> 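Quick one: the structure is below, questions incoming.
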Amino acid sequence: MVFEGAMNRPRFETYAQEYLAPVLRPGDIVLVDRLKPHLYPEVRVAIEATGADYHPLPPYSPVEECGSKIKQTLRTAGQRTVVGVLDAMDRALHHVTPKDAEGWFRHAGYLDRPPRPRPQRRGTPRSRAPRARTPRKRRARDPPTPSPRGAVCTKPNREPL
């Protein structure tokens, strides 16, 4: 649903009751971001009356990333007329793929991830300061290695700083 102007409580209540609720089935999940009109009790009642689950998302949810992609596509289109903006919005929404959504939700921790292997610690942590190392002598056949800062490294086969 598209309209001119800002989203407010009456507009979102109308959307939830007249457009969204009729297409929801029991077991559907409705995720809402923290926009104030999404959080009114009447909206929740309209959604849950269909048997669907109502879930407010925490701040900085995947919805933010989706909105960012859509806004970037709209800005790139640079349209300034109502018809042009609506066409650009249609194209922008089609740029959001199921793979994008899955990645955003996985990144936010809403989908199961394979467990990350934890690094294994060896031994006990050292309580003393590490000993200073004495520099090795450079062999005559190893040329000095220049570093990006202009200094010369005297250790053989050392990566530039």
Side-chain angles (χ1 to χ4, degrees), residues 1-122 125 143-153 155 157-161:
M1 186 170 118
V2 177
F3 54 85
E4 267 189 76
M7 175 63 73
N8 58 25
R9 181 180 182 171
R11 283 182 174 164
F12 194 72
E13 280 181 33
T14 301
Y15 168 75
Q17 294 167 351
E18 296 180 17
Y19 294 92
L20 181 60
V23 298
L24 292 175
R25 295 181 307 241
D28 285 348
I29 299 172
V30 177
L31 302 173
V32 295
D33 63 1
R34 295 290 174 164
L35 186 67
K36 194 76 165 170
H38 295 173
L39 303 176
Y40 284 105
E42 295 83 5
V43 171
R44 184 178 196 138
V45 167
I47 291 169
E48 289 179 342
T50 66
D53 292 327
Y54 172 91
H55 291 283
L57 293 171
Y60 308 109
S61 67
V63 173
E64 304 289 335
E65 295 181 51
C66 179
S68 178
K69 181 171 183 169
I70 292 169
K71 284 187 261 184
Q72 181 60 41
T73 307
L74 286 172
R75 285 188 193 109
T76 302
Q79 295 294 320
R80 298 292 181 250
T81 64
V82 173
V83 173
V85 169
L86 291 176
D87 288 341
M89 189 180 301
D90 183 52
R91 286 191 304 276
L93 289 170
H94 281 93
H95 275 89
V96 177
T97 64
K99 188 175 180 180
D100 290 333
E102 181 182 349
W104 296 327
F105 278 87
R106 188 172 306 286
H107 180 259
Y110 288 98
L111 300 177
D112 293 332
R113 302 182 200 192
R116 283 184 165 175
R118 297 185 84 183
Q120 297 293 322
R121 290 186 175 209
R122 292 186 181 163
T145 309
S147 74
R149 296 186 188 128
V152 174
C153 296
K155 284 181 88 176
N157 301 326
R158 184 172 174 191
E159 294 291 321
L161 298 177

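Counting begins at 1 with the first residue of the sequence. Quick caveat: nothing in here was measured; it's all calculated off a predicted structure.
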> Between Lys69 and His95, what is the shortest heavy-atom contact and its length?
NZ-O, 3.0 Å
> Just how far is it from atom CD of Glu42 to atom OG1 of Thr14, taken to the nearest 0.5 Å?
11.5 Å
> Measuring from Thr81:OG1 to Asp87:CG, what's the distance to the nearest 0.5 Å?
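So the gap between those two atoms works out to 8.0 Å.
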> Quick one: closest heavy-atom pair of Asp90 and His94, and the distance?
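Minimum heavy-atom separation between Asp90 and His94: O-ND1, 2.8 Å.
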> Determine the minimum heavy-atom distance between Arg34 and Leu39, stating which atoms define it.
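In this case the closest contact between Arg34 and Leu39 is O-CD1, 4.0 Å.
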> Answer yes or no: is there a side-chain heavy-atom contact under 4.5 Å between Val43 and His38?
no
> If you compare all heavy atoms of Leu93 against all heavy atoms of Ile70, which two are closest, and at what distance to 0.1 Å?
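Smallest interatomic distance, heavy atoms only, reads CD2-CD1, 3.4 Å.
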> Supply the atom-to-atom distance Lys71 NZ to Glu64 CD, rounded to the nearest 0.5 angstrom.
7.5 Å
> Find out whether Trp104 and Val96 are in side-chain contact, i.e. whether some heavy atom of one side chain is under 4.5 Å from a heavy atom of the other.
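The answer is yes, as the side chains (C-beta and beyond) meet within the 4.5 Å cut-off.
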> Which heavy atom of Ala6 sits nearest a heavy atom of Phe3, and at what distance?
O-CE1, 3.5 Å
> Can you tell me how far the OH atom of Tyr54 sits from the CD atom of Glu48, to the nearest 0.5 Å?
8.5 Å
> Do the non-hydrogen side-chain atoms of Ile47 and Leu20 ever get within less than 4.5 Å of each other?
yes
> Any chance you could measure Glu102, atom CD, to Thr97, atom OG1, to the nearest 0.5 Å?
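If I round to the nearest 0.5 Å, the distance is 9.5 Å.
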> Where does the angle between the aromatic ring planes of Phe12 and Tyr15 fall among parallel (under 30°), tilted (30 to 60°) and perpendicular (over 60°)?
tilted
> Do Val30 and Leu24 pass the side chain to side chain contact (heavy atoms under 4.5 Å, CB included) test, and can you show the C-alpha distance, the side-chain angles, and the key distance before you say yes or no?
CA-CA 9 Å; Val30 177; Leu24 292 175; 3.8 Å; yes
> Which heavy atom of Ala88 sits nearest a heavy atom of Gln79, and at what distance?
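It is CB-CG, 4.1 Å.
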> Taking the side chain as everything from C-beta on, heavy atoms only, tell me whether Tyr40 gets closer than 4.5 Å to Val45.
no
> Within the structure provided, determine whether Arg91 and Thr73 are in side-chain contact (heavy-atom separation under 4.5 Å).
no
